[in-house]
S.K.: 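Input: one structure, supplied below.
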Protein chains: 2
Amino acid sequence: MANLKVPKAPTIRRMPTYLQKLVELHAEGVPFVSTTVLANYMNLESIVVRKDLEITGISGQPGVGYKTDELIAAIRKFLGWNNVFEACLVGAGSLGSALLGYEGFEGYGLRISLVFDSDHRKIGTTIHGRIIHDIKRITELLKPCAMRLGMICVPSAYAQPAADLLVANGIKAIWNFANVSLQVPDDVAVQREVIAGGFALLSVKIAQLEAAKKNGEVRNVG
Amino acid sequence: MANLKVPKAPTIRRMPTYLQKLVELHAEGVPFVSTTVLANYMNLESIVVRKDLEITGISGQPGVGYKTDELIAAIRKFLGWNNVFEACLVGAGSLGSALLGYEGFEGYGLRISLVFDSDHRKIGTTIHGRIIHDIKRITELLKPCAMRLGMICVPSAYAQPAADLLVANGIKAIWNFANVSLQVPDDVAVQREVIAGGFALLSVKIAQLEAAKKNGEVRNVG
DNA sequence: TAGATTGTTAATCGATTAACAATC
DNA sequence: TAGATTGTTAATCGATTAACAATC
């Protein structure tokens, strides 16, 4: 069961958002960025950002901020996104296709270079520039690449078999978009994306706001 | 800035996963479920599940567990998912289409009943059973519904204008899938889905496992 | 010099984990 | 009765927040 517990998970989750904003600011030619700016953007307190950035080992200039380019490099290095992660994707349905179409991944060092499906109507066709391969050819195609990362976008019922197949072919990390919890060996990392989790939070937020309104509280609840 | 801070966020995020498993077990005719079973499924300790369920106010039977149907009802009620949430979606691109095709939402009480886009090639067509409407008709179509929830799936650059439009038309909660942080009034709830956050965590997990392997540690790191 | 910001230490808060009696 | 599990209280751990001197 490799749902590894990672220290500083909240900090790590915020990193890509810092990175995305920093890249934008860098493109605009902004040479320095302060935690105040990043905090405002993300509706956080600046101390949160300061503590978060600490983890990357970077140091800034008091009164000024951090060098934008250095900060970008530090975050990328911390996340291991300075080298390209080659990944394969299993399940070229609507979600899989959407992920294939997301250009943002390149900026995170993620390149989906192999795509598998079992649907014969899809096999051989091209989606967002990638050929869909027959899942039966996974060993033949995957082994030579020494690929470590696999993304699962198949229907829930096929997710565990897909995971087994990936593991059997040397994959060491699985990004799971299927709506089930996967069982994998201890030396394989799994990250499950539960988008309903976000909706659950939003539902509770809505209830909170409505309760606050009922009580005539207009002030910020958070 | 309505990125409300919700108490017990980790617990709330786990709720949909419990719910999904419970519904499955219920369909299989399992009358009682213990926290041990749920914990095993999710690779958690049972005490975590026990504490989580506490929040719903349900009580179980020592030595036996919780009545599956009661637990399902309690979680749904806690999340406000016993009534259907009508939602609209802006941006019928690949991600928007994928979300429209996700049947799981109905089980969470979420029904996407209105879809908008600005692309004239899409307007008037049907995706997964929903007609794509011209975003210009948003006021006309949204106002009569008294809809509270809006989903944003447009490219980053159009996300803030889309949010403004939703807010201007009475939307009180925004589920943001665009890769930017939105600014909204205090009485509007926002939930941003940052899928790169999951990838960041996975990247760190991979690094952790590789470091552990290097040190010859085969035991479970978590 | 004044204002802004970093870096660091300490305080607070909340989530997770442990322990165990009570119950089926 | 024995085994499993709940419910509750206390202990631990870690994340967030506060405070402030040092620096540009």
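Everything numeric here is computed off the predicted structure, so don't read it as measured data. By convention in this document, chain letters (A, B, ...) are assigned in the order of the sequence lines, proteins followed by strands, and residues within each chain are numbered from 1. FYI, side chains are in, hydrogens and waters are out, and symmetry mates aren't considered; it's all heavy atoms of this structure.
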S.K.: Starting at the 5' end of nucleotides 3-11 of chain C, put B wherever the base has a protein heavy atom under 4.0 Å, S where only the sugar-phosphate does, and a dash everywhere else.
M.R.: -BBBBBB--
S.K.: Is there a side-chain contact between B:R14 and the phosphate of C:dT16, meaning an N or O under 4.0 Å from OP1 or OP2?
M.R.: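 Answer yes for this pair, as a side-chain N or O of B:R14 is under 4.0 Å from OP1 or OP2.
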S.K.: Whether A:K67 contacts D:dC24 is assessed here as follows: a side-chain N or O lying under 4.0 Å from the phosphate OP1 or OP2. Is that the case?
M.R.: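 No.
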S.K.: Does D:dT23 have a Watson-Crick or wobble mate here (both distances under 3.5 Å), and if so which one?
M.R.: C:dA4
S.K.: Nearest whole Å is fine: how far is C:dT17 P from B:L44 CG?
M.R.: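 It is 9 Å, rounded to the nearest whole Å.
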S.K.: Heavy atoms, side chains only, cut-off 4.5 Å: are B:W175 and B:V190 in contact?
M.R.: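 Side-chain contact under 4.5 Å: no.
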S.K.: If you count the non-hydrogen atoms of other residues, nucleotides and ligands that lie under 6.0 Å from NZ in B:K67, is the total more than 12?
M.R.: no
S.K.: Classify the side-chain pair A:Y41/A:E24 by whether it contains a donor and acceptor separated by less than 3.5 Å.
M.R.: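 Side-chain D/A pair, A:Y41 to A:E24: absent.
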S.K.: If you compare every side-chain N and O of A:K5 against the phosphate oxygens of C:dT17 (OP1, OP2), does one of them come in below 4.0 Å?
M.R.: yes
S.K.: Testing the 3.5 Å rule here: is there a donor-acceptor pair between the side chains of A:R192 and A:N179?
M.R.: yes
S.K.: With a 3.5 angstrom cut-off on both distances, give the Watson-Crick or G-U wobble partner of D:dA11, or none if there isn't one.
M.R.: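 In the structure as shown, D:dA11 has C:dT16 as its Watson-Crick or wobble partner.
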S.K.: Between C1' on C:dC13 and NZ on B:K8, what's the gap in Å once rounded to a whole number?
M.R.: 12 Å
S.K.: Before accepting this row, confirm whether a basic side-chain N of the pair B:E210/A:R148 lies closer than 4.0 Å to the acidic partner's carboxylate O.
M.R.: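 The answer is yes: the pair qualifies as a salt bridge.
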S.K.: Please determine, by modelled atom types, if A:T11 and A:D52 share a side-chain donor-acceptor pair under 3.5 angstrom.
M.R.: yes
